[in-house]
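First the structure, in the form of structure tokens, and then the observations on it.
Residue indices begin at 1 and follow the sequence shown.
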Amino acid sequence: MNFHTLAVSANKKANPMKKTFGIIGAGNIAKAVAGHLLKAGYSVILSSRKDPAELKDAIASLGTGVTAGTPSQAAQADTVVLAMPWSQLSTLTSLTDWSNRVVIDATNHYVTFAPEFRMADLKGRTSSEVVADHVPGARIVKAFNTLYFKILEANPQEENGKRVLFISGDHADTKKEVSATIQSLGFSVVDLGTLATGGKLQQAKAPLSGLNLILKS
Ligand SMILES: NC(=O)c1ccc[n+]([C@@H]2O[C@H](COP(=O)([O-])OP(=O)(O)OC[C@H]3O[C@@H](n4cnc5c(N)ncnc54)[C@H](OP(=O)(O)O)[C@@H]3O)[C@@H](O)[C@H]2O)c1
């Protein structure tokens, strides 16, 4: 299957001057993030281990501006979003040269899901510090991981303000860039600091995990 033949490329709304986003994953979080990006006019590539043709239902449900690709194709986008299971992180390393690439880490470190919800042993590090090992040299910003996907996909503009998304990262310029993008989707952004300090607050089971805050505007 040729990626371009599958592309739902009409992309009438997507602005070619805007950044492209490649999402590694095509499930709940990938679609929630893609939905917001598309509304704001960005181009998005969704990917999974499946042949891109098998993502046609997900693509169709999201509308114009989104295409299906392989993880390697998604990894070439201006910004790459990790929305895949923790257990699959090791597949990332060979996808591209990650040096200086902008990567948004939306993963949580669950190794099993309901009913056990077993967590990976991070050996004292934060989850995004461990993710960094799999995308060497990338400029990682942790974001989109704290809210249940049903809340994340909802309109971030509530009557009394904007839904808050937390970010952490070690590169100030990259955080500024990602923060501006997330704000352009309609969210408020709270910067928690580095991957080491912020991660401890926003990763799975941390104090801010699951917190649905609305910042008054
Ligand atoms: N669900 C939530 O509410 C929520 C909230 C915050 C954070 N998270 C975190 O976000 C991540 C994604 O969660 P989710 O709920 O979206 O999971 P999901 O619905 O199961 O989707 C995971 C996606 O990743 C794809 N995938 C699996 N292995 C892959 C690989 N090696 N390369 C590329 N794609 C791969 C899967 O497709 P194939 O299996 O077909 O490859 C699927 O499309 C997880 O780390 C999760 O902990 C989830």
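Listed by chain and residue number, Thr174 satisfy the side-chain hydrogen bond (donor to acceptor under 3.5 Å, both in side chains) test with Arg139 (two or more places apart in sequence, or in another chain).
Under the 4.0 Å criterion applied to side-chain N and carboxylate O atoms, Asp133 and Arg125 are assigned as salt-bridge partners.
With Gln76 contributing its side chain and Gln73 its backbone, the two residues share no donor-acceptor pair below 3.5 Å. Remark: side-chain polar atoms of Ser48 are paired, donor with acceptor, to backbone N or O of Lys50 under 3.5 angstrom. One N or O on the side chain of Thr20 and one on the backbone of Asp78 form a donor-acceptor pair closer than 3.5 Å. In this structure a side-chain-to-backbone donor-acceptor pair under 3.5 Å is present from Lys175 to Gly169.
A 4.5 Å side-chain heavy-atom check between Lys31 and Glu153 finds every atom pair outside the cut-off. Side-chain contact between Asn108 and Trp86 is absent, with no heavy atoms from C-beta onward closer than 4.5 Å. Ile167 places a side-chain heavy atom less than 4.5 Å from the side chain of Ser179. Between Glu129 and Ile140 there is no side-chain heavy-atom pair separated by less than 4.5 Å. The shortest distance between side-chain heavy atoms of Thr79 and Glu177 falls below 4.5 Å.
A cation-pi arrangement is found for Lys18 relative to Tyr42, the charged atom lying closer than 6.0 Å to the ring centre and inside a 45° cone about the ring normal.
Of the listed residues (Thr146, Asn212, Asn145, Leu165), just one forms a side chain to side chain contact (heavy atoms under 4.5 Å, CB included) with Leu152, and that residue is Leu165.
Ser168 and Gln202 share a side-chain donor-acceptor pair at under 3.5 Å.
Note: Phe113 and Phe117 have perpendicular aromatic rings, judged against thresholds of 30 and 60 degrees for the angle between ring planes.
More than 12 heavy atoms of other residues, nucleotides or ligands lie within 6.0 Å of CG in Asn155, so this atom counts as buried by the packing criterion.
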